Every structure is written in structure tokens, then in C-alpha cells.
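Single-structure report; data block below.
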Amino acid sequence: MKKIVFLIAFSFVLFSCDVSEEQAYSYEINPVYQVIMPTEFAKDSVTNITVKYKRPSSCHLFSDFYYESFEFVRTVAIESIKVEQDNCQTDNQTILEMPLPFLPKSIGTYHFKFWTGTDVQGVDNYLEYDVVVDH
């Protein structure tokens with residue numbers, strides 16, 4: 001579903017701009033703004049975690065989640081595509097949300113770390129949640 005939304009949004013951006021030259025783009029990792037964590041998870045069952053983020057500019061499109069998995073730790077951020085064009089408008093007010101499907105394969109406590117950016121010393125900050133999968 002998210003790939004269909006992405007393709008529609010990306011097509012809109014491409015066709016709404018002057019495409020006299022090939023459109024350049026880059027990938028960026030963006031911070032998570034807020035997480036709505038469900039209270040129940042079941043082994044071998046998909047549960048959607050709502051992840052909210054602020055779009056940096058009108059030229060940023062959701063691509064996917066940056067998702068790193070190591071044992072029972074999950075690190076998550078937003079991966080976006082930035083279309084390189086001159087008419088980008090800064091947009092730190094638009095809050096978008098995407099469902100992050102989570103399919104636990106084992107019983108145990110999963111630790112989620114949602115990257116919220118870095119502080120002035122360059123240290124990564126996270127929203128952290130523990131999720132118990134017991135059935």
C-alpha cells in the first residue's frame with residue numbers, strides 16, 4: 001500500500017515540475033516526531049505502529065522506514081526522497097504519519113528506538129519503547 005502511495009506522490013512531483021532535464025533526487029534520513037505504540041502484540045501477527053514525522057520541505061517524499069534489527073532491538077527512522085528542484089518550500093509544520101508493520105517472530109521483550117535527531121553535541125536521541133510479545 002505504501003509503495004502505491006509513494007508512486008502516486010512521486011508521479012505528482014515529477015509531472016507537476018518542469019522536466020526539461022532529468023530530475024535529480026537524493027535519499028535522506030529524517031527524524032521521528034511522535035509514535036503511537038499499540039499495547040498488545042502477538043507472535044506471528046502483524047501490528048501497525050503509527051509513526052509521525054515532520055516533512056522538512058515540499059520536495060521531500062516518504063520512501064520507506066530506515067529499520068535496523070539486532071536480536072530484540074529495533075532502530076527506526078524515516079527515509080525520504082528529496083527531489084532536487086529550485087521551488088522547494090521549507091515545511092517543518094506538516095506532520096505526516098505512516099504505519100510501521102511489525103511482525104514479531106519470537107516471544108520476548110522487543111526494544112524499539114525511534115530516532116528523533118541529534119543534539120547540539122551530535123549525540124543521537126531516541127524515543128524508546130519496550131514491547132512485550134507473550135503469546
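Sequential numbering from 1 along the given sequence is applied to the chain's residues. Just so we're clear, the structure is a prediction, and the values are computed from it rather than from any experiment.
In this structure, Tyr67 is a member of the same hydrophobic cluster as Val32, with clusters built from ILVMFWY side-chain heavy atoms closer than 4.5 Å. Both Phe72 and Tyr129 are part of a single hydrophobic cluster, where members link through side-chain heavy atoms under 4.5 Å apart. Residues Tyr66 and Met98 do not share a hydrophobic cluster, clusters being chains of Ile/Leu/Val/Met/Phe/Trp/Tyr side chains in contact below 4.5 Å.
No donor-acceptor pair closer than 3.5 Å links the side chain of Thr90 to the backbone N or O of Ser57. The main-chain N or O of Gln89 is found under 3.5 Å from a side-chain atom of Ser58 such that the two form a donor-acceptor pair.
Counting only heavy atoms from C-beta outward, the side chains of Gln34 and Ile95 never approach each other to under 4.5 Å. Side-chain contact between Val76 and Leu100: present, with at least one pair of heavy atoms (C-beta onward) separated by less than 4.5 Å. A 4.5 Å side-chain heavy-atom check between Val132 and Phe41 finds every atom pair outside the cut-off.
Rounding to the nearest 0.5 Å gives a distance of 9.5 Å between CG of Asp64 and CD1 of Ile81. A distance of 14.5 Å separates CD in Gln85 from OH in Tyr25, rounded to the nearest 0.5 Å. Residue Phe62 holds its CZ atom at 10.0 Å from CG of Leu96, rounded to the nearest 0.5 Å. Interatomic distance, Met37 CE to Ile49 CD1, rounded to the nearest 0.5 Å: 4.0 Å. Residue Leu103 holds its CG atom at 7.5 Å from OG of Ser45, rounded to the nearest 0.5 Å. Of the inter-residue distances, the one linking Thr75 atom OG1 with Asp124 atom CG reads 9.5 Å to the nearest 0.5 angstrom.
Residue Glu40 places its CD atom among 12 or fewer non-hydrogen atoms of other residues, nucleotides or ligands, all under 6.0 Å distant. For Glu84, the CD atom counts as densely surrounded, since its 6.0 Å shell holds more than 12 non-hydrogen atoms of other residues, nucleotides or ligands. By the neighbour-count criterion of 12 heavy atoms within 6.0 Å, atom CZ of Phe102 is densely surrounded, having more than that number from other residues, nucleotides or ligands. Residue-environment remark: CG (Asp44) exceeds the threshold of 12 foreign heavy atoms within 6.0 Å.
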Using the rule given for side chain to side chain contact (heavy atoms under 4.5 Å, CB included), can you reason through Val35 versus Thr50, listing the C-alpha separation, both sets of side-chain angles and the distance that settles it, and then say yes or no? CA-CA 6 Å; Val35 176; Thr50 302; over 6 Å; no
Would Tyr110 and Arg74 satisfy side chain to side chain donor-acceptor pair (under 3.5 Å), going step by step from the backbone distance to the final call? CA-CA 7 Å; Tyr110 290 81; Arg74 304 294 184 265; 4.7 Å; no
If you apply the rule side chain to side chain contact (heavy atoms under 4.5 Å, CB included), what do you find for Glu79 with Tyr27, and how did you get there? CA-CA 7 Å; Glu79 182 180 288; Tyr27 288 92; 3.8 Å; yes
Starting from the C-alpha separation in whole Å, work towards a yes-or-no answer on side chain to side chain donor-acceptor pair (under 3.5 Å) for Asn125 and Trp115. CA-CA 6 Å; Asn125 293 313; Trp115 184 70; over 6 Å; no
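Under 3.5 Å, the side chains of Ser80 and Asn30 contain a donor-acceptor pair of N or O atoms.
When all heavy atoms of Lys43 and Val133 are compared, the pair lying nearest together is N-CG1, 3.5 Å.
Both tests pass for Lys113 against the ring of Tyr126: distance under 6.0 Å to the centre and angle within 45° of the axis.
Note: Phe112 and Phe114 have parallel aromatic rings, judged against thresholds of 30 and 60 degrees for the angle between ring planes.
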